[in-house]
Amino acid sequence: MKVAVFSSKPYDQDFLERANQGQHELVFHMPPLNRDTALLAQGCDAVCGFVNDNLDRDTLNQLAEHGVRLVALRCAGFNQVDLLAAAELGITVARVPEYSPHAVAEHALALILMLNRNLHRAYNRVRENDYSLNGLLGFDLVGKTVAVIGTGKIGQTFAQIMLGIGCRVVAYDPFPNSELTARGVDYLSLEAIWAQADIISLHCPLNDATHHLIDAQSIALMKDGVMIINTGRGALIDTKAAISALKQRKIGYMGLDVYEEEADIFFEDHSNHLLQDDVFARLMTFPNVVVTGHQAFFTHEALTAIARITLANITFFEQQKLDKVWLVNPPAPDPQPAGE
Ligand code: NAI
């Protein structure tokens, strides 16, 4: 199949070409896929997209007109695709549901340790020949209550890591994981989670139910000095509410790999430009906030698996073996209200 690969970086090209071995014709495009760039997919049977592409109805309409029949996402999340529009247009959507849950779970741990032990500040101090310890005081993780929101593949792996460290792990997920329950994880209501957790780590998908899950209301119910870690999706957190809570020291630490307006910032070198996003700029002024640019997935093992599974999705689609494609189905319609 001829596949237009959007948002492609040299590392994407490297891993995808190695996995492809000439099976499909891959055409690499650096710009993200959206209504302004969909034209680049003309003559292609499939597009391969990433997290900050925007496959809204308009983009999908154009793709359908150009003959595209498959959207092969090379990521786990699919909030960037209008799934109803894709289904109506007869476009199949596939994703990579699991490549390395360890990559993301271990990055969440890295953010926790960096913040807790002030490693970002210690690194700079030592390079300045400053070995003073004032302001670097941390806390032991053992015995602390860590909340995992969303115990799917990544959340489960993260929960197991934190159990290994000796934390008490509590969780919230509409579909509790019996393996975790057996290992001592307590599933609680969100209210109980906010009240009890010392550290909250977000691993649920972004959807209508989880948009701004962390907002002024939920933050008000949290422990003073709580640590919040987000390796899920940026819009799980209302950033302005988080900034206010950081200023009041209600949030004690925040580690972010994702940001709700990241599409205009992340994955590019802006070092010669002025930062235009004032909310993000304010976030970067806090010494107790660490931000990484959506790199939790970025390990050798994960990129190898992403390339392999993305190409397998394309091959199985071409062979019409849809039972072997990791399909993303449109959401079920809301049930009709009962009564008259
Ligand atoms: P998954 O589908 O295995 O697990 C998601 C879990 O969230 C499921 O158990 C589901 O029941 C639960 N969930 C659904 N609605 C919920 C709600 N309202 N509250 C709490 N839990 C809810 O997904 P996986 O692979 O664990 O990935 C989780 C998320 O991590 C993805 O949706 C994606 O947004 C993000 N991600 C971020 C990466 C990064 O590089 N920063 C890389 C990969 C994924």
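Start at 1 and go down the list; that is how both ligands and their atoms are numbered.
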task: Run through ligand 1 for me and note each protein residue having a heavy atom under 4.0 Å from it, chain first, then residue number.
output: Pro97, Tyr99, Val104, Ile149, Gly150, Thr151, Gly152, Lys153, Ile154, Tyr172, Asp173, Pro174, Phe175, His203, Cys204, Pro205, Thr210, Thr231, Gly232, Arg233, Asp257, His294, Ala296, Phe297
- prompt: Is it true that Asp198 and Lys144 make a salt bridge, defined as a side-chain N closer than 4.0 Å to a carboxylate O?
  reply: no
- prompt: Does the distance from a Lys or Arg side-chain N to an Asp or Glu carboxylate O, for Asp12 and Arg74, drop under 4.0 Å?
  reply: yes
field: Over 12 non-hydrogen atoms of neighbours within 6.0 angstrom of OH in Tyr123
entry: no
field: salt_bridge(Glu88, Arg57) N-O dist < 4.0 Å
entry: yes
message: Between Lys321 and Phe317 (side chain of the first, backbone of the second, donor and acceptor by atom type, cut-off under 3.5 Å), is there such a pair?
response: no
message: Please enumerate all residues that pass ring-ring contact (aromatic ring centres under 6.0 Å, His included) together with Tyr259, with sequence neighbours excluded.
response: Phe280
